[in-house]
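What you see is a predicted model; the values in this text were computed from it and never measured.
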Amino acid sequence: MKIENSVALVTGANRGIGLAFARELLNRGARKVYTAARDPASITLPGVHALRLDVNRPEEVASAVAQAGDVTLLINNAGIAQPGGFLADDSEEVARRIFETNFFSMLRMSKAFAPVLKGNGGGALLNVLSVASWVNGGELAAYSASKSAAWSLTNSLRNELLAQQTQVLGLHMAYVDTDLTRGFDVPKTSPEKIVQRALDGLEAGHDEVLADELTVMVKNGMTAARPSYLQPLG
């Protein structure tokens, strides 16, 4: 997938990683960048096409499809998190709310735009995931579970969209320096670096990008810990 002359739509594009995606897409020569947010007035980046889109509202997703029928690259970035474990009193309500945005909206957007991508030659779908797809220490229990589900969704979509020649990339990273992690005293990577690595991987034809050192270490540790009967053959 080449970024130059592409038409991209980025969800959750008013700040953080989504805003960094929009900037870098423009820098790399995207012909048009749709930036989606619940309040389009919150998008102030020059040169983009702001869309009103709450990914949890099917009618707004349908409206986005009608307005952005030329999309060749969909970036599912919108997501939410809330601290807490599964034994908290409100854990069921929290999990439902987080899964609605982090899993079901990703599924909804992917289904809605799959025919658009097909009609425009295949294009690409990029899902913003997390190192939390693979580990869950209980501090962000529902968030981690939702990202695990989104990882599984991404892997399935890759196979289901193969026939229409749509590239599907999963982006994993640890802590990124955004509003979401403001209260965490841990090493963080800038959104700009994460996005540059993601788009480099997309243009190189990769299925997955591990965008920082911690994510690479976790994924390598998972592979090393596999029983012999789960190791790939050959």
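Few gaps surround CD on Glu203; more than 12 heavy atoms of other groups in view lie less than 6.0 Å from it. Residue Glu4 places its CD atom among 12 or fewer non-hydrogen atoms of other residues, nucleotides or ligands, all under 6.0 Å distant.
In this structure, Arg23 has no salt bridge (Lys or Arg N to Asp or Glu O under 4.0 Å) partners at least two apart in sequence or on a different chain. Glu192 is linked by a salt bridge (Lys or Arg N to Asp or Glu O under 4.0 Å) to nothing, counting only residues two or more places apart in sequence or in another chain. Not a single side-chain hydrogen bond (donor to acceptor under 3.5 Å, both in side chains) links Gln196 to another residue, sequence neighbours left out. For Arg158, the salt bridge (Lys or Arg N to Asp or Glu O under 4.0 Å) partners are Asp207, not counting sequence neighbours. Legend: residues meeting side-chain hydrogen bond (donor to acceptor under 3.5 Å, both in side chains) with Thr166, ordered by chain and number and at least two apart, are Gln164. Every salt bridge (Lys or Arg N to Asp or Glu O under 4.0 Å) that Asp54 has, sequence neighbours left out, goes to Arg57. Residues that satisfy the side-chain hydrogen bond (donor to acceptor under 3.5 Å, both in side chains) test with Arg31, not counting sequence neighbours, are Asn5. Remark: Arg96 pairs with no residue by the side-chain hydrogen bond (donor to acceptor under 3.5 Å, both in side chains) rule, at least two apart or across chains.
Looking at every heavy atom in both residues, Ala132 comes nearest to Ser148 through O-OG, 3.9 Å. Shortest non-hydrogen contact noted between Ala145 and Asn136 is N-ND2, 3.9 Å. Scanning both residues, Pro191 and Gly16, for their nearest heavy atoms gives CB-O, 4.1 Å. Taking every heavy atom of both residues into account, Thr11 and Ala78 meet most closely at OG1-N, 2.9 Å. Of all heavy-atom pairs spanning Met173 and Leu129, the tightest one is SD-O, 3.6 Å. Between Ala112 and Val61 the shortest heavy-atom distance is CB-CG1, 3.6 Å.
Of the charged side-chain nitrogens involved, none lies within less than 4.0 Å of a carboxylate oxygen, so that Glu93 and Arg97 do not count as a salt-bridged pair. Salt-bridge check for Asp200 with Arg28: passed, with a basic side-chain N closer than 4.0 Å to an acidic carboxylate O.
Side chains of Leu199 and Phe21 form a contact here, defined as non-hydrogen atoms less than 4.5 Å apart. Residues Ile3 and Leu73 meet the side-chain proximity criterion, which asks for heavy atoms closer than 4.5 Å. Gln82 places none of its side-chain heavy atoms less than 4.5 Å from the side chain of Tyr143. Two residues are said to be in side-chain contact when any heavy atoms from C-beta on lie closer than 4.5 Å; Leu157 and Asn159 fail this criterion. Counting heavy atoms from C-beta outward, Leu51 and Thr35 have side chains that stay 4.5 Å or more apart. You'll find the side chain of His172 reaches within 4.5 Å of the side chain of Ser133, heavy atoms only.
With rounding to the nearest 0.5 angstrom, the OH atom of Tyr175 is 8.5 Å from the CG atom of Leu214. The CG atom of Leu126 lies 4.5 Å from the CG atom of Leu169; values are rounded to the nearest 0.5 Å. Interatomic distance, CG of Leu171 versus CG of Leu210, reported as 9.0 Å (0.5 Å rounding). Here Ile194 contributes atom CD1 and Asp177 contributes atom CG; the two are 10.5 Å apart, rounded to the nearest 0.5 Å. Leu125 CG to Met106 CE: the interatomic distance, rounded to the nearest 0.5 Å, is 8.0 Å. Atom CD1 of Ile98 and atom CD1 of Ile80 lie 5.5 Å apart (nearest 0.5 Å).
Placement of Val131 and Met217 in two distinct hydrophobic clusters is found when ILVMFWY residues are connected by side-chain heavy-atom separations under 4.5 Å, directly or transitively. Both Leu45 and Val128 are members of a single hydrophobic cluster when ILVMFWY side chains are connected at heavy-atom separations under 4.5 Å.
Listed by first and then second residue, the side-chain hydrogen bond (donor to acceptor under 3.5 Å, both in side chains) pairs that reach into residues 36-45 are Asn14-Ser42, sequence neighbours excluded. Listed by first and then second residue, the side-chain hydrogen bond (donor to acceptor under 3.5 Å, both in side chains) pairs involving residues 103-130 are Asn76-Ser110, Asn76-Asn127, Glu100-Arg108, Asn127-Thr154 (not counting sequence neighbours). Applying the ring pair (Phe, Tyr, Trp, His ring centres under 6.0 Å) rule to pairs touching residues 58-82 yields nothing, sequence neighbours excluded. Here ring pair (Phe, Tyr, Trp, His ring centres under 6.0 Å) pairs that include residues 74-108, with residues two or more places apart or in two chains, number zero.
Side chains of Thr101 and Asn56: a donor on one and an acceptor on the other come within 3.5 Å. In this structure, a donor-acceptor pair under 3.5 Å is absent between the side chains of Asn155 and Ser152. Using modelled atom types and a 3.5 Å distance limit, the side chains of Gln67 and Ser63 yield a donor-acceptor pair.
Checking side-chain atoms of Gln167 against main-chain N and O of Leu202 turns up a donor-acceptor pair under 3.5 Å. Thr72 places a side-chain N or O within donor-acceptor distance of the main-chain N or O of Val7, the cut-off being under 3.5 Å. Under the 3.5 Å distance criterion, the side-chain polar atoms of Asn102 are left unmatched by any main-chain donor or acceptor of Lys147.
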Residue pair Val218, Val216: steps toward the side-chain contact (heavy atoms from CB on, under 4.5 Å) verdict = CA-CA 6 Å; Val218 170; Val216 172; over 6 Å; no
List the steps, then state whether side-chain contact (heavy atoms from CB on, under 4.5 Å) holds for Ile75 with Leu9.
-> CA-CA 6 Å; Ile75 299 179; Leu9 189 157; over 6 Å; no
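The aromatic rings of Tyr34 and His49 sit tilted relative to each other, their planes meeting at an angle between 30° and 60°.
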